[in-house]
*Asks:* 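One structure, as structure tokens, below. Some questions next.
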Amino acid sequence: MEERERYNPNEIEPKWQKKWDEDGIYNADIDPAREKYYALTMLPYPSGDLHMGHWFAMTPSDARARFMRMQGYNVMFPIGFDAFGLPAENAAIKRNIHPKEWTYANIERMRGQLRSMGAMFDWRREAVSADPEYYRWTQWFFIKLFEHDLAYRKDSAVDWCPNCNTTLAREQVWGEDRLCERCETPVIKKQLEQWFFKTTNYVEDLLSFEGIDWPERVRTLQTNWMGRSEGASVIFKTEDGDPMEVFTTRADTLWGATFMVLAPEHPLVAKITTAEQKKEVDAYVHQAERQTDIERESADNEKTGVFTGAYAINPVNEERIPIWIADYVLLSYGTGAIMAVPAHDQRDFEFARKYDLEVRVVIQPDEVEPLDGATMEAAVPAYGTMVNSAELTGTPADETILTAIKYVDEKGFGKASVNYRLRDWLISRQRYWGAPIPMVYCEKCGVQPVPDDQLPVLLPDDVEWKPTGESPLKLHPTWKDTTCPECGEAATRETDTMDTFMCSSWYHLRYLSPNYDEGPFDQKEYDYWMPVDTYTGGIEHANMHLVYTRFFHKALRDMGITEGREPMTALRNQGIVLGEDSEKMSKSRGNVAAPDDLVEKYGADVVRAYLMFFTRWTLGGPWDSQGIEGTARWLRRVWTAFADPIESAGQPSEDVVKALRRKLHQTLESVTADYKSFEFNTIVASLMELMNEMYKAREKGAVGSPAWDEATDIYIRMMAPITPHIAEELWERLGKPYSIHQQSWPELDKSATEVDEITLVVQINGKLRDKITVPVGTSDEDAKAKALASETVQKFMDGKEPRKVIVVQGRLVNIVI
RNA sequence: GCCAGAGUGGCGGAACUGGCAGACGCGCUCGACUCAAACUCGAGUGUCCGCAAGGACUUGUGGGUUCGAUUCCCACCUCUGGCACCA
């Protein structure tokens, strides 16, 4: 007997990958005759090795892109690398290897790993953000934003290690004591002049998600992140007449403001603090600097503060109220100053009780005992009738805020105002491995952009890596010396580089034409491919990256560079694959699961299928390779069924054929719907079920019949997006035309899915008691009669009369007794 | 702390729009094949009571709405992501 050929992925996978590549079957080119589809998956950071999270993000995205291709679209599925960033500098310091060398070696390794996925990437479109041809245009965009008044400089605080003399990222600051990760020196804040983009100019536009199919979850996260609130801005003055603007959503509580609180960093603090209070204030400012905003905002953080010695005048009643500073007021939110209304705000209340400040009730909620500021135990933030509020006393609950805003407006010390949590985007980084900010400082001409024809401003390679100290760009002996583009005199370059989010805000445009050198992208490519049809990536990017890229698109649109409201029409997010310990995968935790060993043992198709099967894509979860044997078994079964069919002698019965075709087309129907809605785990489950059904049909002599051949053909097409290699191999062995990946999606035979009889569930008082079989289309009356006639039902009813009978067409009969 | 998401057998998960909870798979048990192992194939497998027929219970916890709740509402607990210099 001839030995059966086993499923051998290690042989077939490289073979097909090579052939696909040579034939360029995944090359996506402009074709006006076909409808385009731009499928974009978030580009990886070249951290070293491709891990399970990358496969989890990319292989389902690939399967979806392949499905769309089989649906007839001209699909572009590009890939690239977000290659600037902090880890490269860490590697440089730790291992004495140049960031560039480290990064490009990683990219080279990851290219190979990405190829092992068998994804339909069009490698001709690859873009690497650290390439000068790429960052030339990142710099060009910076200048465009500058020229359109969307980039500006201002002082802003960074976490600073006074020992290493360097800026630290949040992840480089350790523990509650906030120590430098390298030298364990306590970190301080330092004010530096830095570049910002005016994201706040676009906040209203960003708050609208009109015309895009983005998940509700992301829209909510972004909306809350931008944090729009309506209220009033009111000007308080110090006794010396310095204005202090505050924002409040509760203008109706102005008469209850018994003190003011400034953020410790507020510019007025130094000016107003009295000599007696100075020492205490300085000490407090210093300790506040050492905390993070998150710690400071926490409601359970014990309220602390210091009196400045100065007083403000409450404009509504001209009362003299003390000005305090406290760390729960943040300079980055609102105006960095608040009016404190302890009776109606819990944080203010806790503060007032602690420091024995007056609590004055000015809002009396209806149907509540009259409040007493002296004895109340918590703030009452509810709405109610205004009391103790001079001429506005008695204003009813539903009018208080608007009435109060109108009042301050008329009196001239305030106006209606909208406040946002969104801040302008700080893009300066005091680092080497990033795109240099293309600006020049000239003593005579001031801040000048580098002219287009001098771009890119290249990063110098010959920098010195010191384990401590400032950015190598600053220390480089000559790099920062240049001439002013305006007057030609000696000038200095900006030595900060850009936030890598800047690079990743436009990579989808560079993929259009990565080698184009007359602009950031070729207009012809843009006109055909943009916007992105589906953008896939991790939910962790819901706020930052996905807000920044939208901002970027909108800003470019207003310059006439891009078109339309949004860059990405649809967004779908996968959950996060955690380590086996349920913690986020990271090298430092040592819980990174790598696919390489599994790919070697089982093949890429098995790993792809398992990643799509082991959890719901949107859910993610802790990595667990326990079940991979199941998908491996599935593909071996598929191989056996199709590569080595056992020819049967007779013909299958009509019933067998009908049952097989029914299952086949039911599966096709559900699998098609699941591909459309990114439900990959149930696609694999349905295909497994159909294969089980086919094995049964095989036992009953189905092999060789037209129904079997139909099932085989459709089966391979359905699995092709998930397991592209085995599908291609089986397709070829069955003598079908190359390539499976250039075939169309199968047609559904709806009539084959239909059934003659259905099972109705019979419940008594909502409890399952019996099941009855009825023909499709049975009337409610007949269903009810048949249910009541059932012996089991009779037994449970025990002679009682039904009070009510509910019939749900095609589903159930519920008898209420 | 704030903003989101999740919690279902021993395990991963499924369940359309409020209608049979546990599809599919892992693991486990029994059996077939084999000198043997691997592979493969078949049967079973939520918990408790019962010889069985059958019954009761069961979707993080506690309440509620409903003929009927994994699904809707309220409160709470736990885990995960984000919180602006990780990307």
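Given the structure is predicted, the values throughout are model-derived calculations rather than measurements. In what follows, chains carry the letters A, B, and so on, assigned in the order in which the sequence lines appear, proteins first and then strands, with residues in each chain numbered from 1.
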*Asks:* From the options B:rG12, B:rC85, B:rA15, select the nucleotide whose nearest atom is closest to the side chain of A:Thr682.
*Replies:*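 For A:Thr682, the side-chain atoms sit closest to B:rA15.
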
*Asks:* Can you tell me, in whole Å, how much space there is between the C1' of B:rA75 and that of B:rC24?
*Replies:*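 It comes out at 36 Å once rounded to the nearest Å.
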
*Asks:* Hey, are A:Lys190 and A:Asp159 close enough for a salt bridge, meaning a charged N less than 4.0 Å from a carboxylate O?
*Replies:*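 Salt bridge between A:Lys190 and A:Asp159, a charged N being under 4.0 Å from a carboxylate O: no.
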
*Asks:* Scan side-chain atoms only and decide if A:Thr167 and A:Gln430 contain a donor-acceptor pair under the 3.5 Å cut-off.
*Replies:*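 There is such a pair (donor and acceptor under 3.5 Å, judged by atom type) between the side chains of A:Thr167 and A:Gln430.
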
*Asks:* Taking the side chain of A:Trp225 as heavy atoms from C-beta outward, which of B:rC3, B:rG13, B:rC83 is closest to it?
*Replies:* B:rC83

*Asks:* For A:Trp623 and B:rC11, what is the distance between atoms CH2 and C1' respectively, to the nearest whole Å?
*Replies:* 14 Å

*Asks:* Can you tell me how far OG of A:Ser129 sits from CZ of A:Phe84, rounded to the nearest 0.5 angstrom?
*Replies:*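 It comes to 6.0 Å.
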
*Asks:* What I'd like to find out is whether the side chain of A:Leu43 reaches to under 4.5 Å of the side chain of A:Ile79, using heavy atoms alone.
*Replies:*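 No; the side chains remain at least 4.5 Å from each other.
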
*Asks:* Just N and O in the side chain of A:Asn224: are any of them under 4.0 Å from OP1 or OP2 of B:rA4?
*Replies:* yes

*Asks:* Do A:Arg608 and A:Trp55 meet the cation-pi criteria used here (NZ or CZ under 6.0 Å from the six-membered ring centre, within 45° of the axis)?
*Replies:* no

*Asks:* In residues 46-58 of chain A, which residues come under 4.0 Å of RNA chain B by heavy atom?
*Replies:*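 Hits under 4.0 Å, by residue number: none.
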
*Asks:* Would B:rG9 be called syn or anti here, given the cut-off of 90° from 0?
*Replies:* syn

*Asks:* Just the dot-bracket of RNA chain B, please: which string comes out with Watson-Crick or G-U pairs under 3.5 Å, [ ] for crossing, | for another strand?
*Replies:* (((((((..(((......[....)))((((((.......))))))((((....))))..(((((..]....))))))))))))....

*Asks:* Is a donor-acceptor pair below 3.5 Å formed from side chain A:Gln430 to base B:rC85, judging by atom type as modelled?
*Replies:*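 Looking at the base of B:rC85, it does pair with a donor or acceptor on the side chain of A:Gln430 (distance under 3.5 Å).
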
*Asks:* So, under a plain 3.5 Å distance rule, would you say the side chain of A:Gln194 forms a donor-acceptor pair with the base of B:rC85?
*Replies:*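 Counting by modelled atom types and ignoring angles, a donor-acceptor contact under 3.5 Å is found here.
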
*Asks:* Would you please say whether a donor-acceptor pair under 3.5 Å links the side chains of A:Arg572 and A:Thr536?
*Replies:*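 No.
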
*Asks:* What salt bridge (charged side-chain N to carboxylate O under 4.0 Å, His left out) pairs are there with at least one residue in residues 41-56 of chain A, not counting sequence neighbours?
*Replies:*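 Residue pairs passing salt bridge (charged side-chain N to carboxylate O under 4.0 Å, His left out), neighbours aside: A:Asp49-A:Arg109.
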
*Asks:* Which nucleotide wins on minimum distance to the side chain of A:Glu540, given the candidates B:rG12, B:rG27, B:rA87?
*Replies:* B:rA87

*Asks:* Sequence neighbours left out, what passes side-chain hydrogen bond (donor to acceptor under 3.5 Å, both in side chains) with A:Asn201? Give chain and number order.
*Replies:*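 Applying side-chain hydrogen bond (donor to acceptor under 3.5 Å, both in side chains) to A:Asn201 gives none.
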
*Asks:* Would you say the side chains of A:Asp327 and A:Gln291 form a donor-acceptor pair under 3.5 Å?
*Replies:* yes

*Asks:* Atom CZ of A:Phe81 to atom P of B:rA87: distance rounded to whole Å?
*Replies:* 17 Å

*Asks:* May I have the distance from A:Met719 (atom CE) to B:rC24 (atom C1'), rounded to whole angstrom?
*Replies:*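 So the CE-C1' distance, A:Met719 to B:rC24, works out to 15 Å.
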
*Asks:* As a test of reading the structure: which of B:rG81, B:rC24, B:rG5 is closest to the side chain of A:Leu578, going by heavy atoms?
*Replies:* B:rG81

*Asks:* Hey, what do you get for CZ (A:Arg429) to CH2 (A:Trp195), rounding to the nearest 0.5 Å?
*Replies:*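 Result: 15.0 Å between the selected atoms.
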
*Asks:* How close or far is atom C1' of B:rC3 from atom CG of A:Asn543, stated in whole angstroms?
*Replies:* 8 Å

*Asks:* Rounded off to whole Å, could you give me the CG-to-C1' distance for the A:Asn681 and B:rC26 pair?
*Replies:* 15 Å

*Asks:* Counting only side-chain heavy atoms from C-beta out, which of B:rC24, B:rA4, B:rG12 sits nearest to A:Phe614?
*Replies:* B:rG12

*Asks:* Among all residues two or more places apart in sequence or in another chain, which pass the ring pair (Phe, Tyr, Trp, His ring centres under 6.0 Å) test with A:Phe351?
*Replies:*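 Listed in chain order: A:Phe259, A:Trp324, A:Tyr328, A:Tyr355.
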
*Asks:* Which atom pairs link the protein and nucleotides 17-21 of chain B when you take only N or O atoms and keep those under 3.5 Å?
*Replies:*
| from | atom 1 | to | atom 2 | distance (Å) |
| --- | --- | --- | --- | --- |
| B:rG19 | N2 | A:Gln763 | OE1 | 3.2 |
| B:rG19 | N2 | A:Asn814 | ND2 | 3.4 |
| B:rC20 | O2 | A:Lys771 | NZ | 2.4 |

*Asks:* Round to the nearest Å and state the distance from A:Ile815 atom CD1 to B:rC67 atom P.
*Replies:*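 Whole-Å distance recorded here is 16 Å.
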
*Asks:* What's the closest nucleotide to the side chain of A:Val158 if the choices are B:rA38, B:rC85, B:rG12?
*Replies:* B:rC85

*Asks:* Please state how far atom OH in A:Tyr333 lies from atom P in B:rC83, giving the value in whole angstrom units.
*Replies:*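 A:Tyr333 atom OH is separated from B:rC83 atom P by 19 Å.
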
*Asks:* Just checking, any donor-acceptor pair under 3.5 angstrom between side chains of A:Tyr152 and A:Asp424?
*Replies:*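 Yes - a donor-acceptor pair under 3.5 Å links their side chains.
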
*Asks:* Considering only side-chain heavy atoms of A:Lys584, which listed nucleotide, B:rC67, B:rG82, B:rC11, is closest?
*Replies:* B:rG82

*Asks:* Which of the following nucleotides, B:rG5, B:rA23, B:rC85, is nearest to the side chain of A:Ala685?
*Replies:*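 The listed nucleotide nearest to A:Ala685's side chain is B:rA23.
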
*Asks:* Going by salt bridge (charged side-chain N to carboxylate O under 4.0 Å, His left out), name the pairs with one or both residues in residues 668-685 of chain A, residues two or more places apart or in two chains.
*Replies:*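 Residue pairs with at least one partner in residues 668-685 of chain A: A:Glu669-A:Lys750.
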
*Asks:* Closest approach to the side chain of A:Ile294, judged atom by atom: which nucleotide of B:rC83, B:rC26, B:rA6 is it?
*Replies:*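 Between B:rC83, B:rC26, B:rA6, the one nearest the side chain of A:Ile294 would be B:rC83.
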
*Asks:* Map A:Arg423 and A:Arg636 onto RNA chain B by nearest heavy atom, then report which one ends up closer to the 5' terminus.
*Replies:*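 Result: A:Arg636.
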
*Asks:* With the criterion being N/O to N/O and under 3.5 Å, what pairs connect the protein with nucleotides 41-44 of chain B, and how long is each?
*Replies:*
| from | atom 1 | to | atom 2 | distance (Å) |
| --- | --- | --- | --- | --- |
| B:rC41 | OP1 | A:Arg637 | NH1 | 2.3 |

*Asks:* With no hydrogens and no angle check, do the side chains of A:Trp433 and A:Thr497 hold a donor and an acceptor under 3.5 Å apart?
*Replies:* no

*Asks:* Return the set of residues passing side-chain contact (heavy atoms from CB on, under 4.5 Å) with A:Phe796 (not counting sequence neighbours), or none when no residue passes.
*Replies:* A:Ile764, A:Arg769, A:Thr792

*Asks:* Give the table of side-chain donor-acceptor pairs shorter than 3.5 Å for residues 619-631 of chain A, with sequence neighbours excluded, one pair per line with atom names and distance.
*Replies:*
| from | atom 1 | to | atom 2 | distance (Å) |
| --- | --- | --- | --- | --- |
| A:Asp624 | OD1 | A:Gln626 | N | 3.0 |
| A:Glu629 | OE1 | A:Tyr602 | OH | 3.0 |
| A:Glu629 | OE2 | A:Arg636 | NH2 | 3.1 |
| A:Thr631 | OG1 | A:Ile628 | O | 2.9 |

*Asks:* It should be established whether A:Thr615 places a side-chain nitrogen or oxygen under 4.0 Å from OP1 or OP2 of nucleotide B:rG12.
*Replies:* no

*Asks:* Cation-pi check for A:Trp174 against A:Arg182: NZ or CZ below 6.0 Å from the six-membered ring centre and within 45 degrees of the axis, yes or no?
*Replies:* no

*Asks:* As an exercise, state the distance from CG of A:Asn681 to OH of A:Tyr610, rounded to the nearest 0.5 Å.
*Replies:*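 Between atom CG of A:Asn681 and atom OH of A:Tyr610 there are 12.0 Å.
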
*Asks:* Compute whether any side-chain donor of one residue and acceptor of the other, for A:Glu580 and A:Asn591, lie under 3.5 angstrom apart.
*Replies:*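 The answer is no; no qualifying pair exists.
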
*Asks:* Any N/O pairs under 3.5 Å between the protein and nucleotides 70-79 of chain B? List them or say none.
*Replies:*
none

*Asks:* What is the separation between atom CH2 on A:Trp174 and atom P on B:rC86, rounded to the nearest whole Å?
*Replies:* 15 Å

*Asks:* Under 3.5 Å, is there any donor-acceptor pair linking the side chain of A:Arg431 to the base of B:rC85?
*Replies:* yes

*Asks:* If you measure only the distance, is there a donor-acceptor pair under 3.5 Å linking the side chains of A:Arg637 and A:Asn692?
*Replies:*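 Per modelled atom types, A:Arg637 and A:Asn692 side chains form a pair under 3.5 Å.
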
*Asks:* How would you summarise protein contacts on nucleotides 54-66 of chain B per nucleotide, using B for base, S for sugar-phosphate only and - for none, with heavy-atom distances below 4.0 Å?
*Replies:* -SSS---------

*Asks:* Does atom CD of A:Glu193 have more than 12 heavy-atom neighbours, drawn from other residues, nucleotides or ligands, at distances under 6.0 Å?
*Replies:*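 Yes, CD of A:Glu193 has more than 12 neighbouring heavy atoms, counting only those of other groups under 6.0 Å.
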
